[in-house]
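So the structure is just underneath, and the comments pick up after that.
We count residues from 1, following the sequence as given.
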Amino acid sequence: MLDQIHWLAAVTVLGVLEQAYFFLQVIYARRLFGISPPKISGPPEFERIFRAQVNSSEYFPIFLALLWQAGLFFHQGLAAALGLLYLCARYCYFMGYKASSSERLSPMYFSAGVLWILIAVSALGILHFFLSHYVGLNILQLLTA
């Protein structure tokens, strides 16, 4: 079983480490700009870092669910590769947003595109499972015949 999920687990750990890095960036920015919790407003430089972290955190559960569904029901390698692309795009998003709000846009659209691909492969994998398991219809055999 572990040989079927090790890449998914590795990407998950990388994602958690990335989230921790984003959290640490907010802590550093709070100290730099003198913004004590629970305040979330301050100079634009702080607010951009804070928003980048919050936005990334909001999408992280969606990413994890799709990563694991795509990996378990479709293909672990493809899901892990898409997961790495997503994490890279999120890092670029964070760094772009940190620099300027307009620099977040391209990585944001790219990461959203990766999520849509993960949705598609998850749905295809789950559909294939249901059809083959409950209906006895193997789509892959029909497509390759």
**Report entry** From K98 atom NZ to Q53 atom CD, the distance as rounded to the nearest 0.5 Å
**Finding:** 12.5 Å

Query raised in the report: Got a sec: does the CD1 of I40 have more than 12 other heavy atoms crowding it under 6.0 Å?
Result: no

Query raised in the report: L24 and I35: same hydrophobic cluster, using ILVMFWY side-chain contacts below 4.5 Å?
Result: no

**Report entry** Minimum heavy-atom distance between R90 and S56, given as atom pair plus value
**Finding:** NH1-OG, 3.4 Å

Query raised in the report: What are the two closest non-hydrogen atoms of Q76 and D3, and how far apart are they?
Result: NE2-O, 3.3 Å

Report task. Could you tell me which non-hydrogen atom of F33 sits nearest to which non-hydrogen atom of P43, and how far apart they are? Result -> CD2-CG, 3.7 Å

Query raised in the report: In terms of hydrophobic clustering (I, L, V, M, F, W, Y; side-chain heavy atoms under 4.5 Å; direct or indirect links), are F94 and L64 co-clustered?
Result: no

Report task. Kindly work out whether a path of hydrophobic side-chain contacts (I/L/V/M/F/W/Y, heavy atoms less than 4.5 Å apart) joins L82 to I5. Result -> yes

Query - Any side-chain donor near an acceptor of the partner, N55 and Y93, under 3.5 Å - result: yes

Distance-only donor-acceptor pairs under 3.5 Å for side chains of residues 10-20, two or more places apart:
unit_1	atom_1	unit_2	atom_2	d
T12	OG1	L8	O	2.8
T12	OG1	W68	NE1	2.8
Q19	OE1	S57	OG	3.1

Query raised in the report: Does the separation of the ring centres of Y59 and F63 fall below 6.0 angstrom?
Result: no

Query raised in the report: With under 30° as parallel and over 60° as perpendicular, where do the rings of Y91 and F22 fit, or are they tilted in between?
Result: parallel

Query - CZ/F23: more than 12 non-hydrogen atoms of other groups inside 6.0 Å - result: yes

Query raised in the report: Do F50 and R30 have side chains that get closer than 4.5 Å, going by heavy atoms?
Result: yes

Query - Connected via hydrophobic side-chain network under 4.5 Å: Y86 and F110 - result: yes

Query raised in the report: Do F73 and L124 come close enough that some side-chain heavy atom pair is under 4.5 Å?
Result: no

Query raised in the report: More than 12 foreign heavy atoms under 6.0 Å from CZ of F129: is that the case here?
Result: yes

Requested in this report: To the nearest 0.5 Å, tell me how far L87 CG sits from F60 CZ.
Outcome: 7.0 Å

Query raised in the report: If you look at every heavy atom in A70 and S122, which pair is closest and at what distance?
Result: N-OG, 3.2 Å

Query raised in the report: Checking R104 side chain against S101 main chain: does a donor-acceptor pair fall under 3.5 Å?
Result: yes

**Report entry** L84 side, atom CG; L67 side, atom CG - distance, nearest 0.5 Å
**Finding:** 9.0 Å

Query raised in the report: Mind checking whether Y97 and I49 sit in one hydrophobic cluster, side chains of I, L, V, M, F, W, Y counted as touching below 4.5 Å?
Result: no

Query raised in the report: Is there a donor-acceptor contact under 3.5 Å from the side chain of E47 to the main chain of S41?
Result: no

**Report entry** Inter-residue atom distance I62.CD1 - I119.CD1, 0.5 Å rounding
**Finding:** 8.0 Å

Requested in this report: Might you work through the side-chain contact (heavy atoms from CB on, under 4.5 Å) test for E103 and M95, ending with a clear yes or no?
Outcome: CA-CA 8 Å; E103 289 186 40; M95 299 311 282; over 6 Å; no

Report task. Walk me through it: do H75 and V121 pass the test side-chain contact (heavy atoms from CB on, under 4.5 Å)? Result -> CA-CA 8 Å; H75 189 275; V121 296; over 6 Å; no

Report summary line: Interatomic distance, CG@L85 vs CG@L118, rounded to 0.5 Å, equals 9.5 Å

